[in-house]
Every structure is written in C-alpha cells, then in structure tokens.
Amino acid sequence: MIHFRSLLTLSVVFLSLNSHAQSSSQGGGNSNFFQRAERRESKRWTLQEWMAQKDKNHMMDVWLSMNSPSPYELMLGISYNSYSLESTGNASSNNHTSYQGSFSAYAQLVGLTAEYENNSQENFNDLSGLFNLRLLGNTIQGSYLTLHYGLRTRTQEALQAVPQVRYSQQFAQASIQIYVIKNFGMDGLYRLYSPVTDNTLGEIKGNLVEIGSFIDFKNFRVFGSWYKESQSNEINALITNNTRTGIRSGLKIFF
C-alpha cells in the first residue's frame with residue numbers, strides 16, 4: 001500500500017513539472033515570435049521616412065551652398081612703374097614711367113590673367129594673357145606657388161624712319177607668394193620669354209625678375225616691388241641689349 005502511494009506521488013510531481021515546462025516553452029516561443037516582429041518593424045523602410053530624409057538633405061545642401069566659400073576668385077590690379085632704361089652703346093640711363101593694369105579670374109586651382117601696359121614715353125604697349133595652375137595654396141589671397149604659361153604681344157609705334165613693329169612672344173613663368181604675418185607678405189616671379197624673329201628687330205628674347213612685398217586691408221592690397229626686365233635684339237650680327245630696372249607700386253582688389 002505504501003509502495004503504491006509513493007508511485008502515485010512521483011507520477012503527480014512528474015506531470016506537474018512537465019506541464020510547467022511546456023507552459024514555459026510555449027510562453028518563450030510567443031515572446032520570441034513577437035520580438036522578431038518588432039525587429040523587422042524597426043528596420044522597415046517607408047516612403048514617409050524617405051521623403052523626410054530627402055527634405056532634410058535638401059536643407060543641408062542649401063545651408064552648405066550658402067555658407068561654403070565660392071570656388072571663384074577675381075582680382076583687379078593697377079600699378080605705376082618708374083624705371084631706368086639702359087641700352088647698349090648708351091653710357092647714361094634714361095628714366096621713364098608707365099602704367100599697367102591686370103585682371104585675374106580663378107576657379108579653384110586654375111585661372112586666367114590679362115595684363116596691359118601702356119608706355120607712352122617709349123611708344124609701345126604690351127598685351128599679355130596667362131594660363132595659371134596653382135600647385136600649392138588654396139586662394140590667390142594666400143600663400144601659394146603657381147606656374148604660368150602665356151603670350152605677350154608688343155606693339156611698337158612708328159617713329160620717323162622706323163615703321164610700326166608688332167610681335168608676339170610665348171613665355172613661361174613661376175610665381176610665389178608667402179604671408180609672413182596675417183596681413184603682410186612677400187612675393188616674386190620669374191618670367192622667361194621664348195625667342196622670336198621680327199623683320200625689323202631681328203631675333204628677340206628676354207626675361208623678367210620681380211621681388212616685392214605687400215600689405216592687405218581686408219579685400220584691398222597695397223604693394224611695391226623691384227623689377228628688372230632684360231631684352232636683347234640681334235640682327236645682322238649686331239646685338240642690342242635693353243634693361244629696364246625700376247619700382248612697380250600699386251593697388252589690388254580681391255573679389
């Protein structure tokens with residue numbers, strides 16, 4: 001009798017534990033089932049969210065376009081040149097003056113420059129165009145190293161028995177600009193003209209060296225530089241050297 005009661009008690013305990021385990025297993029399955037649905041819902045992509053993100057990106061693009069610096073830069077300059085001219089066979093030097101203007105337009109690292117010099121005392125004018133490639137630096141009103149390639153056309157007015165002379169020379173140039181402090185800096189350039197031949201002047205070649213300093217007042221710059229331009233003409237084995245050495249001073253405006 002006692003043995004039968006013990007077996008009955010063990011059976012009841014086993015059935016209770018089995019029923020509890022099945023309930024727990026069924027409850028955990030339901031919980032895991034709902035959790036998977038919630039995870040899928042959290043990753044769900046909707047048209048409403050896409051439209052909201054598109055509007056947000058558009059507003060960010062507008063803000064960046066309004067607050068980002070423009071990739072385009074402009075510079076307008078004018079200078080007064082005072083120099084002495086030394087020529088072969090002339091023991092004394094003659095003092096002259098001229099006026100020069102320049103305009104540059106850059107788009108990030110590349111730019112174009114136009115220069116014009118009117119020299120009424122020597123009766124000639126120069127018109128130059130340059131293509132500029134900035135190797136170092138990110139603005140024309142900052143420290144930089146730039147390479148240039150250009151073309152200069154000089155027109156010499158007719159004088160008595162000498163007819164009007166007009167010739168064009170290609171040239172290569174390197175220029176550098178360094179800011180010593182925030183509003184003060186130094187610059188320089190070297191330009192080498194390729195030889196050309198003219199019926200009146202013969203073979204013409206030359207170079208230009210310029211070293212200067214400047215002070216910036218926001219978008220305005222006051223500058224001064226020393227320069228030396230050498231030019232030689234050879235015709236019928238006769239060589240004539242002309243050297244212009246002087247000071248170039250002026251104003252530049254940056255846009």
Side-chain angles (χ1 to χ4, degrees), residues 60-61 63-81 83 98-117 126-154 168-196 205-231 243-255:
M60 293 176 62
D61 292 339
W63 185 90
L64 288 173
S65 64
M66 294 177 61
N67 294 275
S68 299
S70 172
Y72 304 105
E73 298 179 277
L74 304 175
M75 186 279 295
L76 179 64
I78 185 171
S79 65
Y80 173 77
N81 308 324
Y83 65 92
S98 68
Y99 296 90
Q100 184 173 340
S102 62
F103 176 78
S104 295
Y106 273 77
Q108 296 183 345
L109 302 180
V110 297
L112 297 174
T113 299
E115 298 177 347
Y116 179 77
E117 180 179 356
D126 289 345
L127 178 62
S128 303
L130 297 84
F131 172 78
N132 315 313
L133 176 62
R134 187 165 55 232
L135 301 182
L136 298 175
N138 53 17
T139 175
I140 57 177
Q141 200 175 7
S143 298
Y144 63 69
L145 173 63
T146 305
L147 298 181
H148 315 261
Y149 185 80
L151 178 70
R152 181 188 71 172
T153 299
R154 171 166 291 186
S168 298
Q169 280 181 289
Q170 300 180 49
F171 62 85
Q173 175 179 305
S175 63
I176 187 172
Q177 179 173 278
I178 298 176
Y179 274 79
V180 180
I181 57 177
K182 186 175 182 180
N183 296 316
F184 172 79
M186 304 182 68
D187 55 9
L189 64 86
Y190 178 77
R191 178 181 296 185
L192 180 63
Y193 292 99
S194 62
V196 296
K205 56 185 177 181
N207 61 74
L208 171 65
V209 179
E210 186 170 337
I211 301 173
S213 60
F214 57 85
I215 300 176
D216 283 354
F217 301 94
K218 295 187 180 299
N219 293 61
F220 298 89
R221 171 177 296 179
V222 178
F223 69 92
S225 59
W226 171 91
Y227 72 96
K228 181 178 181 179
E229 181 182 17
S230 300
Q231 179 177 303
T243 303
R244 298 175 178 88
T245 306
I247 300 296
R248 196 190 319 274
S249 56
L251 175 70
K252 292 182 179 180
I253 306 175
F254 298 90
F255 301 91

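We number each residue from 1, following the sequence as shown.
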Heavy-atom closest contact (Tyr144 atom, Thr139 atom, distance): CD2-O, 3.7 Å
Minimum heavy-atom distance Ser213-Asp187, with the two atoms named: N-OD1, 4.0 Å
Leu251 atom CG, over 12 foreign heavy atoms within 6.0 Å: yes
For Ala105 against Leu74, the heavy-atom pair lying closest together: CB-CD2, 3.6 Å
Spacing of CZ belonging to Arg152 relative to CD belonging to Gln169, to within rounding of 0.5 Å: 5.0 Å
Closest non-hydrogen atom pair between Ser225 and Glu210, with its separation: OG-OE2, 2.8 Å
Atom pair CD/OH of Gln173 and Tyr193 - distance to nearest 0.5 Å: 8.0 Å
Tyr179 and Asp216 side chains, donor-acceptor separation under 3.5 Å: yes
Asn219 (side chain) donor-acceptor with Phe254 (main chain) under 3.5 angstrom: yes
Between CG on residue Leu145 and CD on residue Gln177, distance to nearest 0.5 Å: 11.5 Å
Heavy-atom neighbours of Phe220 CZ exceed 12 at 6.0 Å: no
Thr113-Asn132 side chain donor-acceptor pair, cut-off 3.5 Å: yes
Point-to-point distance, once rounded to the nearest 0.5 Å, from CZ of Phe255 to CZ of Phe103: 8.0 Å
Min side-chain heavy-atom separation Phe131-Val110 under 4.5 Å: yes
Considering all heavy atoms, the nearest Leu109-Gly137 contact: CD2-O, 4.0 Å
Pairwise distance CG(Leu130) to CZ(Phe171) - rounded to 0.5 angstrom: 3.5 Å
Evaluation steps, side-chain contact (heavy atoms from CB on, under 4.5 Å), between Gln141 and Arg221: CA-CA 9 Å; Gln141 200 175 7; Arg221 171 177 296 179; 3.9 Å; yes
Aromatic ring pairing Phe214/Phe184, orientation class (parallel under 30°, perpendicular over 60°, tilted between): tilted
Inter-residue atom distance Arg154.CZ - Asp126.CG, 0.5 Å rounding: 4.0 Å
Working for ring-ring contact (aromatic ring centres under 6.0 Å, His included), residues Tyr80 and Tyr99: CA-CA 5 Å; Tyr80 173 77; Tyr99 296 90; 5.4 Å; yes
Flag side-chain contact, heavy atom, 4.5 Å: Tyr83 against Ile247: no
Enclosure of Asn138 CG (heavy-atom neighbours >12, cutoff 6.0 Å): no
Heavy-atom pair with the smallest gap, counting every atom of Ile140 and Arg134: CG2-NH1, 3.5 Å
Audit row: Glu117, Ser128, side-chain contact (heavy atoms from CB on, under 4.5 Å) steps and yes/no: CA-CA 9 Å; Glu117 180 179 356; Ser128 303; over 6 Å; no
Presence of salt bridge, Glu115 and Arg191, under 4.0 angstrom: yes
